[in-house]
There are 2 protein chains.
Amino acid sequence: MMPKYLHIYHQLVSRIQDGTLPAETKLPSETELMHEFEASRGTVRKAIDALQDKGFVRKHQGKGVFVLSQDAIAFQFNGIVSFSEAHRQMGQHDVKTDVLSCTTIEATAELANQFHVAPGTSLTEVKRVRTIDGERVIYDINLFVTSLVPGLTTEIAGGSIYAYIEQTLGRQISYAKRKIEAQPATIDDQQHLDLEGTTHVIVITNDTYYYEGQHFERTQSRHRLDKFQFTDIARR
Amino acid sequence: MMPKYLHIYHQLVSRIQDGTLPAETKLPSETELMHEFEASRGTVRKAIDALQDKGFVRKHQGKGVFVLSQDAIAFQFNGIVSFSEAHRQMGQHDVKTDVLSCTTIEATAELANQFHVAPGTSLTEVKRVRTIDGERVIYDINLFVTSLVPGLTTEIAGGSIYAYIEQTLGRQISYAKRKIEAQPATIDDQQHLDLEGTTHVIVITNDTYYYEGQHFERTQSRHRLDKFQFTDIARR
DNA sequence: AGATATTTGTACGTATGTATT
DNA sequence: CAATACATACGTACAAATATC
């Protein structure tokens, strides 16, 4: 049984998306929504708060609740998105993943410190190359704490590791820290990517954490300059 | 007078930051916090919800509220941050802004479409170069809808335009869409930046919106490759 | 395994405060 | 000044998930 506030939330989202509630217009007041949905004021407020969190509306004390422009709303594909998820969304590209290696290594002092584990702890290292439309444009180096992501195989790494973690292992991913910068291309990059003469690569370093707060992954995703694009939406 | 829930929120943030409530531990239960702060359960819950929104804790029905690792919390400098804000935070760099030009132009059909205004509408264009430690590393091209950001002068552009908008104009910025990509350096880039032989620049295109949803700015921020870094935190 | 207690989630109601119209 | 609309705060009751005995 869906909570009542979520029902109200979904109804309002529909009205915003189908144009019944166009951008820049005011939502019905809390009192009106109470009567329409036969809910208490707290429940209506919870639904509106959710709308604001998701970026559909903006509340203004004394004035009302305003629908934000569709541009912003259509932009909701941020968050943690893996390579295959991202490209499935973007449409018809010929995408291929080659697993170069899938081995276990021992954590160096530095890595142990990063992951908050003891030095020598087993880590699983996966190296993959992503080919889009015949060009090798992304080189991924994943490092997992083996005990937190057990049973990784080359076969699994060929698909979506995140799907394996969430569906097979049943663990929930909470958040990821992300750093984006440019670095000079290394010899490894030259070997594994079709650089087409570019001298630098874009490096995305991703640290991913479980719900319980355990740091279980650090990934370096090395992109060819001209095939890289990142979008997001930032709220004050 | 600060709302009670914010007082509770700040108290708990302090305890998390000074280590009284270390990572991975459980917060006192809602009942305990009610007694400690002599507040109702709803008020305590609102404080905890705020903690979760800011990424300090994670709530779990039936289990409790858990403090997330400090790493994540120290990472809270995301959102919309202007150039001077960002560098004031990062520490002692010698930062200088040169305003190349500050003129008004008429919106082309394409620009008018972007901003949802009529073609020919007046736009204010500002071109600036940012020098850090003696090197010209960022070239900013801002476009503002003049009627939405009136009174811009070269002098204001030499400081923080965002501060002018929020403090002098008294407008509130709501959100920004951001795109990050690499582009080949243009002749303009070569002229205004110390490229040091790099062939590409990182381009951040920023579209900024007021609370009321009006799109008032598009900025291109062109960074020298090796001086660029972007961090954020993504939550599922 | 099962009953019970604990902890967070949802929902209702009421009163009062603050910002805007 | 009054009416409207959102914000805060209190209280109560029951549901759902988890922990404990």
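Just so it is clear: chains get the letters A, B, ... in the order the sequence lines come, proteins before strands, and each one is counted from 1. Because the structure is a prediction, the values reported are computed rather than measured.
- For the pairing with S221(A), the side chain to side chain donor-acceptor pair (under 3.5 Å) check across D140(A), N142(A), N206(A), T205(A) returns one residue only, D140(A).
- In this structure, I48(A) places its CD1 atom 14 Å from P of dA11(C), rounding to the nearest Å.
- The closest side-chain heavy-atom distance from K127(B) to Y139(B) is below 4.5 Å.
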Are there any protein N/O atoms within less than 3.5 Å of an N/O atom in nucleotides 14-19 of chain D, and if so, which ones and at what distance?
unit_1	atom_1	unit_2	atom_2	d
dA16(D)	N3	Q61(B)	NE2	3.1

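- Looking at V13(A), T43(A), L51(A), L33(A) one by one, the single match for side-chain contact (heavy atoms from CB on, under 4.5 Å) with I8(A) turns out to be T43(A).
- Contact check for V44(B) versus I48(B): side-chain heavy atoms found under the 4.5 Å cut-off.
- Atom CG of D49(A) is separated from atom P of dA11(C) by 14 Å (rounded to the nearest Å).
- Between E36(A) and R15(A) there is a salt bridge, with a side-chain nitrogen of the basic residue lying less than 4.0 Å from a carboxylate oxygen of the acidic one.
- What separates CZ of F66(A) from P of dA5(D) is a distance of 11 Å, to the nearest Å.
- Residues V65(B) and F56(B) are not in side-chain contact: their nearest non-hydrogen atoms beyond the backbone lie 4.5 Å or more apart.
- Heavy-atom distances under 4.0 Å link DNA chain D to no residue of residues 2-12 of chain A.
- One finds no side-chain N or O of T43(B) lying less than 4.0 angstrom from the OP1 or OP2 phosphate oxygen of dT8(D).
- Nearest approach of Y164(B) to P150(B), heavy atoms of both residues: OH-O, 2.6 Å.
- The closest side-chain donor-acceptor pair between S14(A) and Q11(A), if any, does not fall under 3.5 angstrom.
- At a threshold of 4.0 angstrom between heavy atoms, the contacts of G42(A) with the nucleic acid are absent.
- Within the structure, a side-chain polar atom (N or O) of R45(B) is placed less than 4.0 Å from OP1 or OP2 of dG9(C).
- DNA chain D is contacted by S29(A), E30(A) of residues 27-40 of chain A, taking any non-hydrogen atom closer than 4.0 Å.
- Counting heavy atoms from C-beta on, the side chains of F115(A) and T121(A) never come closer than 4.5 Å.
- In terms of position on DNA chain C, the residue among K26(B) and K46(A) whose nearest nucleotide sits closer to the 5' end is K26(B).
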Inset, instruction - Test E217(B) against Y162(B) for side-chain hydrogen bond (donor to acceptor under 3.5 Å, both in side chains), laying out the working first. - result: CA-CA 11 Å; E217(B) 178 199 16; Y162(B) 285 148; 2.9 Å; yes

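- With contacts defined as side-chain heavy-atom distances shorter than 4.5 Å, the pair Y5(B)/D49(B) does not qualify.
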